[in-house]
Colleague: 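I have a structure I would like to understand better, so I am pasting it below and will then ask my questions one at a time.
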Amino acid sequence: MKDVRRARSRRLPAVFLAGAAFLALTLAAIMPARPQVPLPEGWPRTYHAEVDGLALTPPMGWYPWNAFGQEPQNEKLIKEIVDALVASGMKDAGYAYVGPDEGVCFSRGTDGKLTTNLARYPSGLRGLGDYIHAKGLRYALYTDAGTKTCSQAMPGTKGYEYEDMKAFADWRADYIKIDWCNTEGQDIVRTYAELGKAQRAAGRPVVHSLCSWGEGYPWTWAGAIGHMWRTTTDICGPGQADWARAVRIAFANEKLAEFAGPGRWNDPDMMVVGMPGLSEVQGRSLFSLWCMMASPLIAGNDLRAMDKPTIDILTNLEAIAVDQDPLGAQGHVVWNDGDVSLWAGKPLFDGSRAVAVFFQGRTKARLRIGWEEVGFAGSDELFVRNLWTHETTGPHAGGVDVSVGGGDVAFLRISKSKDFPIPPIVVADTVLVKLKSTGARPETLVGTVTVTNKGSHDLPPWRVDPRSLPQWLKVSITASGKTQTFVNTVSTAGLKKGAYHALVRADNVEPVSGKAMSAFYYDVDFEVGRNVRR
Ligand code: GLA
């Protein structure tokens with residue numbers, strides 16, 4: 001048993017937010033600090049997420065590299081994973097972005113254009129995207145900023161930035177991870193900035209995930225270009241988790257806390273929870289640290305073969321609520337005696353705060369957390385919610401006693417109130433509406449997208465700007481309890497035979513100020529079988 005008696009303060013909690021939760025939430029979403037390092041001439045000095053409203057909370061999803069490496073990534077595997085993501089409850093917990101990593105997806109033809117590797121992806125990369133969208137999930141694809149991807153199996157974007165980002169938009173990618181292999185002689189800021197420009201030119205908003213493993217200090221500039229950036233080397237080799245490496249990565253990533261915020265995230269790599277080589281306790285600890293650091297929660301295990309403890313960890317909504325908190329603060333280490341570290345600096349939207357005690361020793365550590373160490377007043381009487389046992393105790397005066405086993409974590413939420421609300425977690429039944437008309441007489445067709453808030457805190461209403469829609473499409477929104485339905489009405493009168501497409505953007509509007517907070521996108525595909533009379 002280790003008794004930890006004195007806490008040395010290494011860093012004070014950085015952020016003190018006052019006022020109503022909605023006001024704080026709005027400020028955090030629309031008034032982030034500016035990027036610090038000079039960007040290329042003419043580049044906007046704002047955070048990119050202010051434009052597209054994407055990833056204002058850390059992206060959640062699944063990527064294949066940790067479990068599989070390059071083999072056997074193919075359409076069948078990705079579809080099986082997608083089905084498992086839905087069936088396991090991970091979709092309902094907020095995981096949405098899914099797709100192939102470096103899985104030999106495409107090659108470059110003699111005309112310079114990318115073409116799908118149909119041997120591996122027989123439905124085409126667009127077909128795979130449609131499958132994912134029909135499940136209400138988001139499509140993630142991978143490429144590289146250099147001449148070739150890391151294993152050299154696929155072409156990189158160098159010299160083809162605009163063509164390739166257009167191909168990704170045509171395949172309907174919602175998320176693009178861009179690696180930094182084979183980039184000798186390239187300026188990192190200019191290269192990623194050009195790719196960001198190419199994405200905008202392609203016209204489909206995407207989460208831009210930069211993957212330079214910390215090279216070029218992306219946390220100082222990448223928020224103007226994309227939404228998240230890797231801060232370290234890979235967390236493991238394919239197939240086997242590496243506990244020591246994952247812990248080192250967590251301690252490297254926490255030092256970058258000040259650079260993270262809504263729409264701009266430090267990415268300590270895909271998770272290793274549920275992979276061979278990691279115990280349940282270790283998985284729980286790493287998941288807690290990833291949530292404390294507001295890290296993208298991209299699962300990296302084989303979702304088709306999860307045991308119950310793995311599912312319970314990955315779908316713990318109380319832990320996810322910390323990660324997905326709309327204030328977007330990244331927690332960090334307040335003190336560390338070598339074995340025991342106290343993680344705080346994570347104010348949450350309701351005035352509560354998340355705290356983690358991580359014990360790297362072998363037996364058990366006992367300590368007292370004082371309220372002043374974690375951002376409250378010493379005189380406060382506070383309730384403590386254990387985010388793994390789901391028990392609330394208190395009110396406690398001055399602090400709380402905690403004991404933690406070897407490799408384990410105490411993951412707590414501390415509040416003046418007994419209630420611990422879960423912020424909105426948005427889950428859609430589909431993000432692809434497909435409609436088809438066959439007759440020559442005018443008709444009206446309707447298709448819906450239903451969005452359910454899995455959190456306990458209310459989700460403000462969505463709004464679609466009618467001026468952003470093509471003439472043939474109208475969108476109205478109905479609300480019932482935790483569900484909002486987008487009713488898409490299409491009139492065929494006067495339309496010519498052909499395929500029509502619209503990308504609908506809805507903004508979630510803060511009810512007091514009327515400011516847009518986050519955006520939700522979906523596709524409407526409409527096929528007109530014959531010319532239609534007026
Ligand atoms: C790099 C990235 C990994 C993975 C591989 C693919 O190592 O950091 O996450 O994408 O490339 O080759």
Side-chain angles (χ1 to χ4, degrees), residues 27-59 140-147 156-169 173-231 256-267 294 296 328 330 468 503 505 507 515-519 521:
L27 288 177
I30 63 172
M31 292 176 55
R34 303 290 132 185
Q36 308 183 353
V37 163
L39 286 156
E41 201 56 29
W43 192 259
R45 260 66 185 159
T46 50
Y47 281 106
H48 186 59
E50 292 177 73
V51 179
D52 60 27
L54 282 172
L56 291 178
T57 60
L141 284 171
Y142 164 96
T143 188
D144 189 280
T147 49
T157 51
K158 173 90 178 87
Y160 295 92
E161 293 82 1
Y162 288 80
E163 292 85 344
D164 288 6
M165 291 304 112
K166 176 74 173 61
F168 278 62
D174 306 302
Y175 174 115
I176 308 177
K177 170 176 170 181
I178 307 187
D179 225 330
W180 186 243
C181 286
N182 305 306
T183 51
E184 290 71 21
Q186 287 178 231
D187 177 295
I188 191 165
V189 182
R190 281 184 191 285
T191 300
Y192 277 113
E194 196 65 20
L195 284 159
K197 253 193 193 164
Q199 287 163 1
R200 290 178 206 195
R204 183 178 181 87
V206 283
V207 172
H208 183 174
S209 161
L210 293 83
C211 182
S212 73
W213 329 289
E215 206 174 308
Y217 312 107
W219 43 88
T220 60
W221 49 267
I225 291 167
H227 306 81
M228 55 192 268
W229 45 84
R230 281 275 299 281
T231 55
L256 305 171
E258 67 188 278
F259 299 101
R264 50 200 159 95
W265 309 107
N266 290 311
D267 175 11
Q330 176 177 331
S468 69
L503 178 70
R505 172 179 178 155
D507 283 289
K515 295 246 163 61
M517 297 194 307
S518 63
Y521 296 87

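If you read the sequence from its start, that first residue is 1, and numbering goes on from there.
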Colleague: Is the backbone of I178 close enough, under 3.5 Å, to the side chain of Y192 for a donor and an acceptor to pair up by distance?
Modeller: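 Present.
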Colleague: Do side-chain atoms of R264 reach the backbone of A222 as a donor and acceptor pair under 3.5 angstrom?
Modeller: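 No, R264 side chain to A222 backbone: no donor-acceptor pair under 3.5 Å.
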Colleague: First locate atom CG of D164, then atom OG1 of T143, and finally report the distance between them rounded to the nearest 0.5 Å.
Modeller: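 D164 CG to T143 OG1: 6.0 Å, rounded to 0.5 Å.
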Colleague: Pick out which of W219, Y217, W221 makes a side-chain contact (heavy atoms from CB on, under 4.5 Å) with F259.
Modeller: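 Looking at W219, Y217, W221, the match for F259 under the side-chain contact (heavy atoms from CB on, under 4.5 Å) is W219.
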Colleague: Does W180 use its side chain to pair, donor to acceptor, with the backbone of I188 at less than 3.5 Å?
Modeller: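 No: the side chain of W180 does not pair with the backbone of I188.
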Colleague: Could D179 and K177 be called an ion pair, given the rule that one side-chain N must be under 4.0 Å from one carboxylate O?
Modeller: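 So D179 does not pair with K177 through a salt bridge.
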Colleague: For the residue pair A49 and G263, what are the closest heavy atoms and their distance?
Modeller: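 Reported closest heavy-atom pair: CB-CA, 3.5 Å.
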Colleague: If only atom types and distance count, is the side chain of H208 paired as donor or acceptor with the main-chain N or O of H227 below 3.5 Å?
Modeller: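 No: the side chain of H208 does not pair with the backbone of H227.
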Colleague: Where do V51 and R505 come nearest, in terms of heavy atoms and distance?
Modeller: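 Nearest pair, atom of V51 first, then R505: O-NH1, 3.1 Å.
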Colleague: Just checking, any donor-acceptor pair under 3.5 angstrom between side chains of H48 and R200?
Modeller: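 R200 and H48 do have a side-chain donor-acceptor pair below 3.5 Å.
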Colleague: For P59 and Y175, which heavy atoms make the closest approach, and how far apart are they?
Modeller: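 Closest pair (atom of P59, atom of Y175, distance): CB-CE1, 4.3 Å.
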Colleague: Which heavy atom of A260 sits nearest a heavy atom of Q330, and at what distance?
Modeller: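 Here A260 and Q330 meet closest at CB-OE1, 3.4 Å.
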Colleague: Side chain to side chain contact (heavy atoms under 4.5 Å, CB included), that's the test. Do T157 and L195 meet it? Break it down for me.
Modeller: CA-CA 8 Å; T157 51; L195 284 159; 3.6 Å; yes
Colleague: Counting only N and O atoms by type, is there a donor-acceptor contact under 3.5 Å from the side chain of D144 to the main-chain atoms of C181?
Modeller: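 The answer is yes, because a donor-acceptor pair under 3.5 Å joins these two groups.
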Colleague: Would K158 and N182 count as a side chain to side chain contact (heavy atoms under 4.5 Å, CB included) if you check the C-alpha gap in whole Å, the side-chain angles of each, and the deciding distance to 0.1 Å?
Modeller: CA-CA 10 Å; K158 173 90 178 87; N182 305 306; over 6 Å; no
Colleague: Enter the distance from L210:CG to R230:CZ here, rounded to the nearest 0.5 Å.
Modeller: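 Result: 11.5 Å between the selected atoms.
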Colleague: So how far is it from I225 CD1 to L39 CG, rounded to the nearest 0.5 Å?
Modeller: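 Going from CD1 on I225 over to CG on L39, the span is 5.5 Å.
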Colleague: What residue pairs, at least two apart or across chains, pass salt bridge (charged side-chain N to carboxylate O under 4.0 Å, His left out) with a residue in residues 183-196?
Modeller: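 The answer is none; no pair qualifies.
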Colleague: Can you name the side-chain hydrogen bond (donor to acceptor under 3.5 Å, both in side chains) partners of W229, sequence neighbours left out?
Modeller: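 Residues passing side-chain hydrogen bond (donor to acceptor under 3.5 Å, both in side chains) with W229: N266.
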Colleague: Taking side-chain hydrogen bond (donor to acceptor under 3.5 Å, both in side chains) as the definition, give me every residue that meets it alongside T57, ordered by chain and number, with sequence neighbours left out.
Modeller: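 Applying side-chain hydrogen bond (donor to acceptor under 3.5 Å, both in side chains) to T57 gives Q324.
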Colleague: Write down the atom of D507, the atom of A519, and the distance for their closest heavy-atom approach.
Modeller: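 The answer is OD1-CB, 3.8 Å.
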Colleague: Where the side chain of Q186 meets the backbone of A145, is there a donor-acceptor pair that is under 3.5 Å apart?
Modeller: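 Pair found, side chain donor or acceptor close to backbone of A145.
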Colleague: Just verifying a value: how many Å separate I176 CD1 and S209 OG, rounded to the nearest 0.5 Å?
Modeller: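 Answer rounded to 0.5 Å: 10.0 Å.
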Colleague: Please find the pair of heavy atoms, one from F168 and one from L141, that lie closest to each other, and give the distance.
Modeller: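 Closest pair (atom of F168, atom of L141, distance): CE2-CB, 3.5 Å.
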